[in-house]
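First the structure, in the form of structure tokens, and then the observations on it.
Source: prediction; values computed, not measured. Each ligand, and each atom within it, is numbered from 1 in the order the structure gives. The first residue in the sequence is number 1, and the count goes up from there.
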Amino acid sequence: MSDWLGLRGRRAVVTGGGSGIGRAAALALAAAGADVIAVDRDIAPLDGSGLRAEDCDISSESAVEALADRIGPCDIVVNAAGIIRPGALVDVEIADWDALISVNLTGYLLVSREFARGMTERGGGSLVHVASISGTHAQANSGAYSASKAALIVMSQQLALELGPQGIRSNTVSPGMVRTPMTEEYYQAPGVAERRDRAVPIGRVAMPDDIADVVAFLCSSRARYVTGADIVVDGGFTTTLMSWVPRPGFEGS
Ligand code: NAD
């Protein structure tokens, strides 16, 4: 197999590696020859995957420290663990707000800085965080989710600034709509899958692999001059704003 990405033998930690985008990213990196450790608070689904699995709740500082002690330094971190809780900001319970931020934002920070230390000793590395188009576009009943993703995008830029001199890059990937266990129930509602497919210029909602391949590129030295970037992987969906309002005389696509 060609090693165009130059990932052979690189050590990669992938959080949320048990499901959806994280699992696809872990498998893509492994297929490219990386030595992958899939981290999740639920590792049972990793049985039979061929991936090394490590149990860790990324929102716990002591658990992340213990994880780093167990597995040692690595070259790549993919932060893809995440949760979503519906609700309007005007009445979101602060306990729910805190619970979401502790995973989607604080957890990403804990994992990034813990493993950045080892990357510095190894002469560099790559951090890739899975954000969302929700970080740049408001959506109804998003609760703390959109705010967590917006903060993540800037946190990644700050990490890029702080860690660039040590040879560590930090980027976000912002998926649009992706069919994963997190979102599968939306697609079970009548008509949702078809309407969502039609809303995307590419003509379909993403599958986890569509995101994982971009993650793998950012992990690799092929992206050596890319840092502080937010790569939108949404099939063109967020570029279509003006097609959602009537414009008499200009109907059709
Ligand atoms: P998923 O639910 O399929 O996978 C998320 C994984 O994270 C699960 O295996 C879960 O056990 C793990 N996890 C949750 N909390 C954890 C914790 N505290 N510690 C360790 N592991 C934990 O979801 P997904 O759709 O693959 O989402 C992955 C990332 O992509 C998330 O950050 C999500 O916000 C983002 N995202 C998803 C979509 C989409 O449409 N599915 C769109 C944009 C962004």
Side-chain angles (χ1 to χ4, degrees), residues 13-28 37-47 49 51 53-68 77-86 96 98-112 114 127-137 139 142-153 155-156 172-188 192-193 196-197 199-200 204-212 214-215 230-235 237-238:
V13 173
V14 182
T15 76
S19 177
I21 295 168
R23 183 187 180 94
L27 290 169
I37 300 130
V39 172
D40 209 291
R41 65 177 176 189
D42 178 10
I43 55 170
L46 285 160
D47 284 352
S49 67
L51 295 167
E54 288 286 341
D55 195 339
C56 177
D57 175 355
I58 62 154
S59 67
S60 158
E61 188 168 12
S62 58
V64 172
E65 282 168 4
L67 173 75
V77 165
V78 177
N79 269 315
I83 57 173
I84 193 162
R85 295 194 179 185
D96 284 338
D98 287 346
L100 191 141
I101 296 289
S102 76
V103 178
N104 289 18
L105 186 61
T106 312
Y108 281 46
L109 173 65
L110 291 172
V111 174
S112 297
E114 189 63 45
L127 306 169
V128 180
H129 321 275
V130 181
S132 170
I133 58 170
S134 311
T136 44
H137 300 272
Q139 64 181 346
S142 198
Y145 184 81
S146 296
S148 77
K149 295 299 185 183
L152 171 62
I153 291 167
M155 187 177 86
S156 171
T172 48
V173 170
S174 282
M177 297 173 280
V178 192
R179 212 160 163 162
T180 71
M182 180 187 274
T183 55
E184 186 53 35
E185 69 175 294
Y186 313 160
Y187 297 94
Q188 296 307 320
V192 168
R196 285 185 167 221
D197 284 348
V200 180
R204 62 175 177 84
V205 163
M207 296 305 286
D209 285 353
D210 295 314
I211 314 304
V214 179
V215 169
D230 177 44
I231 309 293
V232 176
V233 188
D234 70 347
F237 177 54
T238 52

Please state which protein non-hydrogen atom is closest to [atom] and give its distance, to 0.1 Å?
{"atom": "atom 5 (C) of ligand 1", "result": "Gly82 O, 3.9 Å"}
{"atom": "atom 24 (P) of ligand 1", "result": "Thr180 OG1, 3.5 Å"}
{"atom": "atom 20 (C) of ligand 1", "result": "Cys56 O, 3.1 Å"}
{"atom": "atom 2 (O) of ligand 1", "result": "Met182 CB, 3.5 Å"}
{"atom": "atom 1 (P) of ligand 1", "result": "Ser19 OG, 3.5 Å"}
{"atom": "atom 19 (N) of ligand 1", "result": "Ile58 N, 3.0 Å"}
{"atom": "atom 21 (N) of ligand 1", "result": "Arg41 N, 3.3 Å"}
{"atom": "atom 12 (C) of ligand 1", "result": "Asp40 OD1, 3.3 Å"}

Judged by non-hydrogen atoms, does [X] sit under 4.0 Å from ligand 1?
{"X": "Gly176", "answer": "yes"}
{"X": "Ala80", "answer": "yes"}
{"X": "Arg179", "answer": "no"}
{"X": "Ala131", "answer": "yes"}

Using a 3.5 Å cut-off on N or O atoms only, is [X] in polar contact with ligand 1?
{"X": "Met177", "value": "no"}
{"X": "Gly22", "value": "no"}
{"X": "Tyr145", "value": "yes"}

I need the minimum non-hydrogen distance between [X] and [Y], along with the two atoms involved.
{"X": "Val130", "Y": "Lys149", "result": "O-NZ, 3.0 Å"}
{"X": "Ser146", "Y": "Ser134", "result": "CB-O, 3.2 Å"}
{"X": "Val200", "Y": "Gly235", "result": "CG1-O, 3.4 Å"}
{"X": "Tyr108", "Y": "Ala81", "result": "OH-O, 2.7 Å"}
{"X": "Ile101", "Y": "Ser148", "result": "CD1-CB, 3.8 Å"}
{"X": "Thr172", "Y": "Ser156", "result": "CG2-CB, 3.6 Å"}

Which ligand 1 atoms are under 4.0 Å away from a heavy-atom of [X]?
{"X": "Ile21", "value": "26 (O), 30 (O), 37 (C)"}
{"X": "Thr183", "value": "39 (C), 40 (O), 41 (N)"}
{"X": "Pro181", "value": "3 (O)"}
{"X": "Asp57", "value": "17 (C), 18 (N), 19 (N)"}
{"X": "Ala81", "value": "7 (O), 13 (N), 21 (N), 22 (C), 32 (O)"}
{"X": "Tyr108", "value": "32 (O)"}

Kindly indicate whether the side chain of [X], heavy atoms from C-beta on, has any atom under 4.5 Å from the side chain of [Y].
{"X": "Leu27", "Y": "Leu51", "value": "yes"}
{"X": "Val173", "Y": "Val128", "value": "yes"}
{"X": "Val39", "Y": "Leu67", "value": "yes"}
{"X": "Val64", "Y": "Glu61", "value": "no"}
{"X": "Met155", "Y": "Leu105", "value": "yes"}

Worksheet item: Counting only N and O atoms by type, is there a donor-acceptor contact under 3.5 Å from the side chain of Asp197 to the main-chain atoms of Val205?
Response: yes

Applying a heavy-atom cut-off of 4.0 Å, say which part of [X] lies close to ligand 1: side chain, backbone, both or neither.
{"X": "Val103", "answer": "side chain"}
{"X": "Ile83", "answer": "side chain"}
{"X": "Lys149", "answer": "side chain"}

Practice prompt. For the residue pair Asn79 and Ser112, confirm or rule out a side-chain donor-acceptor distance under 3.5 Å.
Written response: yes

